[in-house]
Visitor: 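Supplied in structure tokens, the structure appears directly below.
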Amino acid sequence: MARVGIVMGSDSDIGVMSKAADILAEMGIEFEMNVISAHRAPAAIAKYASGAEERGIKVIIAGAGMAAHLPGVCASMFKLPVIGVPILGSSLGGQDALYSIVQMPPGIPVATVAINGAMNAGILAAQIIATSDEAVRAKLKDYTDNMLATVTAKNEKLQAVGYKDYK
Ligand code: RP5
């Protein structure tokens, strides 16, 4: 049964939002993925967000570009955490989506990641799931241990060869 709902406003968002899916899969967390636009399919997003908790969804990751009201609409109807991913997709460089998502008025928060930051959205969702799931907690620890090993190895190489020969 899916525990995380990934939703986005358009199929043009799938390339970015798949980064959230990939990390959830790596953490062994079941997820569902849907394209449901808040402005093109308002009744469908209302049904999706208001029914998500009953379906077992613990976190929604909502990605959208431009006016990017989808995460806020989800947060208004889903009482558990919503993570918003601003998608770069306009002449305003994604700042339009970032400001739309991060500037939620008081009372209805959306935890907002960087422009195109779907990978961090997936990790944050995994951390929320890990508050009550030891197996996911252990996978997150492996993940951060691997990052530490990687960056440590890079520094050791830099110290060994010097910056001019670092490739
Ligand atoms: C938003 O409008 C979507 O999230 C997408 O990022 C943007 C453009 O949508 P398309 O015109 O590519 O369908 O709803």
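The analysis underlying the following values was restricted to heavy atoms, covering all of them including side chains, and did not include hydrogens, waters or symmetry mates.
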Visitor: Which heavy atom in Thr152 sits nearest to a heavy atom in Leu148, and how many Å separate them?
Guide: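 Between these two residues, the closest heavy atoms are OG1-O, 2.6 Å.
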Visitor: Please output the side-chain donor-acceptor pairs of residues 74-85 that fall under 3.5 Å, not counting sequence neighbours, one pair per line with the distance.
Guide:
{"unit_1": "Ser76", "atom_1": "OG", "unit_2": "Val73", "atom_2": "O", "d": "2.6"}
{"unit_1": "Lys79", "atom_1": "NZ", "unit_2": "Ser76", "atom_2": "O", "d": "3.0"}

Visitor: Quick one: side chain to side chain donor-acceptor pair (under 3.5 Å) pairs with a partner in residues 53-69, sequence neighbours left out?
Guide: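 Listed once each, the pairs are Glu32-Arg55, His39-His69.
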Visitor: Can you hop from Ile60 to Leu70 via hydrophobic side chains spaced under 4.5 Å?
Guide: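 Yes, Ile60 connects to Leu70 through the hydrophobic network.
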Visitor: Once rounded to the nearest 0.5 Å, what's the spacing between atom CD of Gln127 and atom CE of Met27?
Guide: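 The CE atom of Met27 is 9.0 Å from CD of Gln127, to the nearest 0.5 Å.
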Visitor: Please identify each residue that fulfils side-chain contact (heavy atoms from CB on, under 4.5 Å) with Ala138, with sequence neighbours left out.
Guide: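 By the side-chain contact (heavy atoms from CB on, under 4.5 Å) rule, Ala138 matches no residue at all.
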Visitor: Just list the side-chain donor-acceptor pairs under 3.5 Å for residues 99-115, sequence neighbours left out, or say none.
Guide:
{"unit_1": "Ser100", "atom_1": "OG", "unit_2": "Ala67", "atom_2": "O", "d": "2.8"}
{"unit_1": "Ser100", "atom_1": "OG", "unit_2": "Asp96", "atom_2": "O", "d": "2.9"}
{"unit_1": "Thr112", "atom_1": "OG1", "unit_2": "Val110", "atom_2": "O", "d": "3.1"}

Visitor: Evaluate the side-chain proximity of Leu24 to Ile61: yes if any heavy-atom separation is below 4.5 Å, no if none is.
Guide: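 Yes, close enough: below the 4.5 Å cut-off.
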Visitor: Please enumerate all residues that pass salt bridge (charged side-chain N to carboxylate O under 4.0 Å, His left out) together with Arg137, with sequence neighbours excluded.
Guide: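 Testing Arg137 for salt bridge (charged side-chain N to carboxylate O under 4.0 Å, His left out), a comparison that skips the adjacent residues, returns none.
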Visitor: Given the rule that I, L, V, M, F, W and Y join up when any side-chain heavy atoms are under 4.5 Å apart, are Ile45 and Phe31 in one cluster?
Guide: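 Different clusters.
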Visitor: Can you name the side-chain contact (heavy atoms from CB on, under 4.5 Å) partners of Lys47, sequence neighbours left out?
Guide: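 Expected list: none.
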Visitor: Side-chain polar contacts of residues 2-12 - donor-acceptor pairs under 3.5 angstrom, sequence neighbours left out - could you list them?
Guide:
{"unit_1": "Arg3", "atom_1": "NE", "unit_2": "Glu30", "atom_2": "OE1", "d": "3.2"}
{"unit_1": "Arg3", "atom_1": "NH1", "unit_2": "Asp133", "atom_2": "OD2", "d": "2.7"}
{"unit_1": "Arg3", "atom_1": "NH2", "unit_2": "Asp133", "atom_2": "OD2", "d": "3.4"}
{"unit_1": "Ser10", "atom_1": "OG", "unit_2": "Ser12", "atom_2": "N", "d": "3.1"}
{"unit_1": "Ser10", "atom_1": "OG", "unit_2": "Ser12", "atom_2": "OG", "d": "3.0"}

Visitor: Quick one: side chains of residues 154-167, donor-acceptor pairs under 3.5 Å with protein atoms, not counting sequence neighbours, listed by atom name and distance.
Guide:
{"unit_1": "Asn155", "atom_1": "OD1", "unit_2": "Gln159", "atom_2": "NE2", "d": "3.0"}
{"unit_1": "Lys157", "atom_1": "NZ", "unit_2": "Lys167", "atom_2": "O", "d": "2.5"}

Visitor: For Met119, enumerate each residue passing the side-chain contact (heavy atoms from CB on, under 4.5 Å) test, keeping only those at least two apart in sequence or located in another chain.
Guide: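 Met119 satisfies side-chain contact (heavy atoms from CB on, under 4.5 Å) with Lys19, Ile23, Ile123, Tyr143 once adjacent residues are dropped.
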Visitor: Closest approach of Asp13 and Gly63, non-hydrogen atoms and distance?
Guide: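 Answer, listing the atom of Asp13 first, then Gly63: OD2-O, 3.9 Å.
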Visitor: Just how far is it from atom OH of Tyr48 to atom CD1 of Ile57, taken to the nearest 0.5 Å?
Guide: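 It comes to 5.5 Å.
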Visitor: Quick check: is Met33 connected to Val59 through a chain of hydrophobic side chains (ILVMFWY, heavy atoms under 4.5 Å apart)?
Guide: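 As far as the 4.5 Å side-chain criterion goes, Met33 and Val59 are connected within one cluster.
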Visitor: With rounding to the nearest 0.5 angstrom, report the CG to CE distance, Asn116 to Met17.
Guide: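 Taking CG in Asn116 and CE in Met17, the distance rounds to 10.0 Å.
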Visitor: Is there a path of hydrophobic side-chain contacts, each under 4.5 Å between heavy atoms of I/L/V/M/F/W/Y residues, joining Leu140 to Met147?
Guide: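 Same hydrophobic cluster.
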